[in-house]
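Below is one structure, written out as structure tokens; comments come after it.
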Amino acid sequence: MLQRASLNNAITNALNDFPEVAERWQVGDPTVTVMLNAIREMAIALSRDNDTNTIEPFIKSKDRTIIADAISKGILPVATPCQHLLTIENKGNATVTLSQGRIVEDGTGRQWRLLSSITVKAGESQTVICEQSIIQQYQIDIKTSEPFYQVDVAVSDDMYLSAIGVTNRTTNTPFNYKPKFMNAPAGDTAYTIFSDDFVNLSLLFGEDKRAGQTVQAGDSYQIDITQSYGYVDVTNLKQGALANILTDDERYLNMYFKYGGLVRSGANPLNVAQLRLLASFPSTYDQNAVFMGNFDMLVRQHFMSRFDYMMIWNETTHEKFYGANLNNINHQNLAVIAKNPNEQALLVSDIQKMVTRADSLLDGRVRVMTVAERPYQITINATLSGVHDTDTVKNQIKELLLERYGRGTISASHPNSDGFNRQEIATVIRGQVPAFQDRISDFTVIGESTSQNKIKPHEWIYLTRDSIKINIERTADAGNSMWTV
């Protein structure tokens, strides 16, 4: 990045040909310094932009580049709130009714909302689903009509946005979220959300003649923001209590989170490692789920934090691996493994609903296949300098590969039809195993052949300790007393 000091020196040198202007620059004359300082700051901003946009056509490596790619694709830092069963016991003598939306606090102070009303008779107990989220309502009054009116979305510290609702209170009209105003004709009750830094969010209304509606002076809008903590460790959930006691009878209620009562796991917004995978998708798939029937990015963008492996494929891919059949026409096929086995059915249902929202023709046409686990065989042949311990190097290689390509890793969460990339594995080993950085030791990576035994879409490949074979020999100079560089 160009520094201000070097730019100031460049400006001073350039002004030597204009002595009068140079004197005014030296004494800080605003008529000269304001303009030149503005040009200097613009040059600094452009240098940052050029640094961010360093050419990385396929694999994004820099965090800034990855985040910039996510922003350009409309990916938002949205969390999935946890849902859990809550048991309520009434130790009093009167029937107690709790309305939908009542707030319950767990042992750490997190707030949970009842998703339905519940009535508990005296001496009885009932179970209800609650969600770890709260809803904050804001009202904005439009003072002047303005196209593409923008509103900043405020989220509490340490919490994430989970959902948002917008309603025109003047006309009592709900507005719908349309990513980048996609499929939002002029006059449609639509809004979109964007972020400049993947942290702060802004809500954007439309314009009457292009997309959506122009907000009108005098109208009032209500914005309901649902926010949560995302992932919750349910093993620590025990007792709960009402945040506010409204009647004396509510004092006799005992609440506890039911053991094994997880309904839906919470998930944090996508991190940089997960975004790096999405950054490898071409921009053609940016919010365009139905392009060539490829829904992979759409599903991965919304559910990546909730599964260990997922593959969704169209009829063309299906017939390539499983043969042609009339029943394959206009169908999608899904294979998925949830991180939490208890929510496998719910995750499948959520993905099917997401695909249906993207393409209504696929309603009831997303077939589910059982995932078959397939450890991927890999062999590493190495020659090692005499100064390194072979057992230590073997252990380092295995631990590194299991961390990057083992069960439950991001690299193993997506389909790898040709197996893991051997060049990438070699780069990882050379960069993080010190023994292969001495200019003497060397190694080769050999993956299993998939030409005869193809990896099918429903097969989940990953590395295990037993699937990693490491053969190490000593280099020819081993035993010499001479030092080799």
Is the backbone of [Y] close enough, under 3.5 Å, to the side chain of [X] for a donor and an acceptor to pair up by distance?
{"X": "N90", "Y": "G123", "answer": "no"}
{"X": "E207", "Y": "R210", "answer": "yes"}
{"X": "S202", "Y": "D152", "answer": "no"}
{"X": "S99", "Y": "S117", "answer": "no"}
{"X": "W460", "Y": "R374", "answer": "no"}
{"X": "S349", "Y": "L346", "answer": "no"}
{"X": "T464", "Y": "S467", "answer": "yes"}

Residues passing the salt bridge (charged side-chain N to carboxylate O under 4.0 Å, His left out) test with R422, sequence neighbours excluded, are none

Residues passing the ring pair (Phe, Tyr, Trp, His ring centres under 6.0 Å) test with Y322, sequence neighbours excluded, are H318, H458

The ring pair (Phe, Tyr, Trp, His ring centres under 6.0 Å) partners of F420 (sequence neighbours excluded) come to Y376, Y405

[X] and [Y]: which non-hydrogen atoms are nearest, and at how many Å?
{"X": "G419", "Y": "I461", "value": "CA-CD1, 3.9 Å"}
{"X": "N183", "Y": "P185", "value": "O-CD, 3.4 Å"}
{"X": "M310", "Y": "R300", "value": "O-NH2, 2.8 Å"}
{"X": "Q274", "Y": "P269", "value": "OE1-O, 4.3 Å"}
{"X": "I455", "Y": "F321", "value": "O-CE2, 3.5 Å"}
{"X": "R365", "Y": "I329", "value": "NH1-O, 3.9 Å"}

More than 12 heavy atoms from other groups under 6.0 Å of CD on Q139
yes

| task | Please check if atom CZ in F148 has more than 12 non-hydrogen atoms from other residues, nucleotides or ligands closer than 6.0 Å. | result | yes

request  = Please assess E124 against K121 for the test salt bridge (Lys or Arg N to Asp or Glu O under 4.0 Å), listing each intermediate value before the final yes or no.
outcome  = CA-CA 5 Å; E124 294 185 355; K121 296 181 180 180; 5.2 Å; no

After noting the C-alpha distance and the side-chain angles of N314 and T317, does the key distance pass the side-chain hydrogen bond (donor to acceptor under 3.5 Å, both in side chains) rule?
CA-CA 6 Å; N314 57 25; T317 303; 3.2 Å; yes

Using 4.0 Å as the upper bound for N to carboxylate O, is an ion pair formed by [Y] and [X]?
{"X": "E459", "Y": "K454", "value": "no"}
{"X": "E250", "Y": "R102", "value": "yes"}
{"X": "R306", "Y": "D350", "value": "yes"}

Can you find a pair of side-chain heavy atoms, one from [X] and one from [Y], that are under 4.5 Å apart?
{"X": "L362", "Y": "Q352", "result": "no"}
{"X": "T189", "Y": "N176", "result": "yes"}
{"X": "L115", "Y": "V128", "result": "no"}
{"X": "Q213", "Y": "D208", "result": "yes"}
{"X": "S265", "Y": "K339", "result": "no"}
{"X": "L278", "Y": "R276", "result": "no"}
{"X": "V153", "Y": "I225", "result": "yes"}
{"X": "F194", "Y": "L201", "result": "no"}

### Task
Please report the C-alpha distance between E399 and R465 in whole Å, then the side-chain angles of each, then the deciding distance to 0.1 Å, and finally whether the salt bridge (Lys or Arg N to Asp or Glu O under 4.0 Å) criterion is met.
CA-CA 9 Å; E399 293 298 330; R465 288 189 178 276; 2.2 Å; yes

Rounded to the nearest 0.5 Å, what separates atom [atom1] in [X] from atom [atom2] in [Y]?
{"X": "E41", "Y": "N37", "atom1": "CD", "atom2": "CG", "value": "7.0 Å"}
{"X": "T97", "Y": "Q126", "atom1": "OG1", "atom2": "CD", "value": "10.5 Å"}
{"X": "Q100", "Y": "I118", "atom1": "CD", "atom2": "CD1", "value": "12.5 Å"}
{"X": "L463", "Y": "I468", "atom1": "CG", "atom2": "CD1", "value": "5.0 Å"}
{"X": "L253", "Y": "T247", "atom1": "CG", "atom2": "OG1", "value": "7.5 Å"}
{"X": "L401", "Y": "Q432", "atom1": "CG", "atom2": "CD", "value": "10.0 Å"}

- [ ] Might you work through the side-chain hydrogen bond (donor to acceptor under 3.5 Å, both in side chains) test for T409 and E403, ending with a clear yes or no?
- [x] CA-CA 7 Å; T409 60; E403 180 184 351; over 6 Å; no

Criterion side-chain hydrogen bond (donor to acceptor under 3.5 Å, both in side chains) on D233 and N236, from CA distance to verdict:
CA-CA 6 Å; D233 185 1; N236 296 323; 3.3 Å; yes

- [ ] Determine the interplanar angle of the F175 and Y221 rings, folded into 0 to 90°, and report it as parallel if under 30°, tilted if 30 to 60°, perpendicular if over 60°.
- [x] perpendicular

*Are L242 and I103 close enough, and set up right, to give a side-chain contact (heavy atoms from CB on, under 4.5 Å), and what steps lead you there?*
CA-CA 6 Å; L242 287 170; I103 301 298; over 6 Å; no

Consider only side-chain N and O atoms of [X] and [Y], and report whether a donor and an acceptor are under 3.5 Å apart.
{"X": "S162", "Y": "S228", "result": "yes"}
{"X": "D106", "Y": "T108", "result": "yes"}
{"X": "R264", "Y": "N340", "result": "no"}
{"X": "E373", "Y": "Y462", "result": "yes"}

With a cut-off of 3.5 Å and sequence neighbours excluded, list every side-chain donor-acceptor pair involving residues 76-89.
| from | atom 1 | to | atom 2 | distance (Å) |
| --- | --- | --- | --- | --- |
| Q83 | NE2 | E131 | OE1 | 2.9 |
| E89 | OE2 | Y256 | OH | 3.4 |

Validation row, ring centre F257 to ring centre W112 under 6.0 Å
yes

- Query: After noting the C-alpha distance and the side-chain angles of H414 and M311, does the key distance pass the side-chain contact (heavy atoms from CB on, under 4.5 Å) rule?
  - Reply: CA-CA 7 Å; H414 59 89; M311 172 61 173; over 6 Å; no

Applying side-chain hydrogen bond (donor to acceptor under 3.5 Å, both in side chains) to D224 and not counting sequence neighbours gives Q137, Q222

Residues at least two apart in sequence or cross-chain that pass side-chain hydrogen bond (donor to acceptor under 3.5 Å, both in side chains) with Q111, listed by chain then number, are none

Test log, rule side-chain contact (heavy atoms from CB on, under 4.5 Å), inputs Y191 and K178:
CA-CA 6 Å; Y191 68 91; K178 298 291 182 68; over 6 Å; no

Checklist line | Test side-chain contact (heavy atoms from CB on, under 4.5 Å) applied to C130 and R113, step by step | finding: CA-CA 5 Å; C130 60; R113 292 186 302 119; over 6 Å; no

